[in-house]
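Some notes on the structure that comes next.
All heavy atoms count here, side chains included; hydrogens, waters and symmetry mates do not.
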Amino acid sequence: MYEIKGKTAVVTGSGRGIGREIAIKLAKQGAHVVVNVKKRVDDGNETLKMVNEYSDGIMVQADVSTRKGCIDLAEKTVESFGKVHILVNNAGIGIGMPFLDMDDELINKIISTNLMSNIYCSQEFGKIMEDNGSIVMMASLAGIKPMAMLSLYGMTKAAIIKMSEYLAIELAQRHIRVNSIAPSVVKTKMGESLIDFMNITEEEYEKRYTLTGKIIMPEEISDAALFLIRSESITGQTMVIDSGQSITGGFSH
Ligand SMILES: NC(=O)c1ccc[n+]([C@@H]2O[C@H](COP(=O)([O-])OP(=O)(O)OC[C@H]3O[C@@H](n4cnc5c(N)ncnc54)[C@H](OP(=O)(O)O)[C@@H]3O)[C@@H](O)[C@H]2O)c1
């Protein structure tokens, strides 16, 4: 079992939602945690406060959809903690819209935030990570099963799933394990806006679309991230956490 205590972990987009839960859980295990936000510094500081209850951390404001943002994040991590062992590529945006209506600005925003961030950060951190580390990326069920109005989002998440397989092969010699997590709707700001977008209530979503009768909580995703980081025998895999949605047809219509 990979020991998290004393290691340095970076969680992109950890000002709220799933990223915040992962940051706190890593801190509870004794990791030095680098919290990252794009612009909501207050959110980042709030996460940092929670992290510092259990371990020590720093907060770095950096836009990981850019190469420069990922370089800054890597430099500040090394400045503060010297080494880096764990990277969680979590930052993302979910925007639903018919494919034919998307303009270039929106297309670039979705691709840079959801996909380029994973490419840039995996490169910048991959170069400096200690051997025997771990990378976890947030994909989505939309990257496996098509979901209405989420075409470009789903395409970026499908690419992340493939990226975790390719990186698992390339980084295997250094014993760096690379995996992704593919959830369906999780109760965060993003998940709530998706349910609003579907024009149904949370209860209706739970009843109509899940086998479990309940929406996924962010803590369940952070448990999965921790499991993947700790396991020394899982690499190149995608863990689906979807309340049974994928076997019932998802919401493709
Ligand atoms: N919630 C779901 O239903 C669901 C389902 C499947 C997959 N996911 C994936 O899980 C991940 C986390 O989702 P979430 O639900 O926790 O989302 P969320 O509540 O919207 O939080 C996203 C976080 O990412 C940050 N972020 C966005 N763009 C960034 C950038 N360019 N640089 C740095 N930080 C950035 C945001 O910070 P700022 O506020 O400062 O911009 C925010 O703190 C995403 O990759 C998402 O696609 C979510």
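- Taking every heavy atom of both residues into account, M97 and S151 meet most closely at O-OG, 4.5 Å.
- Looking at residues two or more places apart in sequence or on another chain, you find a side-chain hydrogen bond (donor to acceptor under 3.5 Å, both in side chains) between K214 and E220.
- Considering only residues two or more places apart in sequence or on other chains, D56 meets the side-chain hydrogen bond (donor to acceptor under 3.5 Å, both in side chains) condition with H32.
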Worksheet item: Should S140 and Y153 be marked as a side chain to side chain contact (heavy atoms under 4.5 Å, CB included) after you check the CA-CA gap, both sets of side-chain angles, and the distance that decides it?
Response: CA-CA 9 Å; S140 166; Y153 176 82; 3.6 Å; yes
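- For S65, the side-chain contact (heavy atoms from CB on, under 4.5 Å) partners are D63, S112, T113, not counting sequence neighbours.
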Discussion item. For a side chain to side chain contact (heavy atoms under 4.5 Å, CB included) check, start with the C-alpha distance between M163 and L115, then their side-chain angles and the critical distance, and finish with the verdict.
Written reply: CA-CA 10 Å; M163 198 195 315; L115 179 57; 3.6 Å; yes
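- Taking 4.5 Å as the limit, some side-chain heavy atom of R16 sits within range of a side-chain heavy atom of K189.
- The environment of E203 atom CD is dense: over 12 non-hydrogen atoms of other residues, nucleotides or ligands sit within 6.0 angstrom.
- Nearest heavy atom pair, residue S80 against residue I58, reads OG-CD1, 3.5 Å.
- When the side-chain hydrogen bond (donor to acceptor under 3.5 Å, both in side chains) test is applied to K187, the partners found at least two apart in sequence or on another chain are E192, E202.
- For residues 35-73, no residue pair satisfies the ring-ring contact (aromatic ring centres under 6.0 Å, His included) rule, not counting sequence neighbours.
- Within the structure, the side-chain hydrogen bond (donor to acceptor under 3.5 Å, both in side chains) test picks out no pair touching residues 3-13 (sequence neighbours left out).
- Checked against N89 for a side-chain hydrogen bond (donor to acceptor under 3.5 Å, both in side chains), the options S164, S122, S117 give a single hit: S122.
- When the side-chain contact (heavy atoms from CB on, under 4.5 Å) test is applied to M239, the partners found at least two apart in sequence or on another chain are A224, F227, L228, I241.
- Taking all atoms of both residues into account, the shortest heavy-atom contact from P183 to I221 is CB-CD1, 3.7 Å.
- A salt bridge between E165 and K162 is present, with a side-chain N of the basic residue lying under 4.0 Å from a carboxylate O of the acidic one.
- To the nearest 0.5 Å, atoms CD (E124) and CG (L73) are separated by 10.0 Å.
- With sequence neighbours left out, A23 forms a side-chain contact (heavy atoms from CB on, under 4.5 Å) with V11, S14, V33, T47, V51.
- Side-chain contact between I247 and D242 is absent, with no heavy atoms from C-beta onward closer than 4.5 Å.
- Remark: N108 engages no residue in a side-chain hydrogen bond (donor to acceptor under 3.5 Å, both in side chains) (not counting sequence neighbours).
- Residues Q245 and Y205 share a closest heavy-atom pair of OE1-OH, 2.7 Å.
- By the 4.5 Å heavy-atom criterion applied to side chains, I110 and I95 are counted as neighbours.
- Here the closest heavy-atom approach between residue T235 and residue R177 is recorded as OG1-CA, 3.4 Å.
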Donor-acceptor contacts, no H, no angles, side chain residues 98-106, under 3.5 Å, sequence neighbours left out:
{"from": "D103", "atom 1": "OD1", "to": "E105", "atom 2": "N", "distance (Å)": "3.3"}
{"from": "D103", "atom 1": "OD1", "to": "L106", "atom 2": "N", "distance (Å)": "2.9"}

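- Heavy atoms only, all atoms of each residue included: A62 and N36 are closest at O-ND2, 3.0 Å.
- Listed by chain and number, the residues in a side-chain contact (heavy atoms from CB on, under 4.5 Å) with E130 are K83, H85 (sequence neighbours excluded).
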Discussion item. Before you tell me yes or no, could you show the steps for R67 and M116 under side chain to side chain contact (heavy atoms under 4.5 Å, CB included), namely the whole-Å CA-CA distance, both residues' side-chain angles and the distance that decides it to 0.1 Å?
Written reply: CA-CA 8 Å; R67 170 74 72 183; M116 298 315 292; over 6 Å; no
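- Annotation: ring-ring contact (aromatic ring centres under 6.0 Å, His included) contacts involving residues 155-192, sequence neighbours excluded, are absent.
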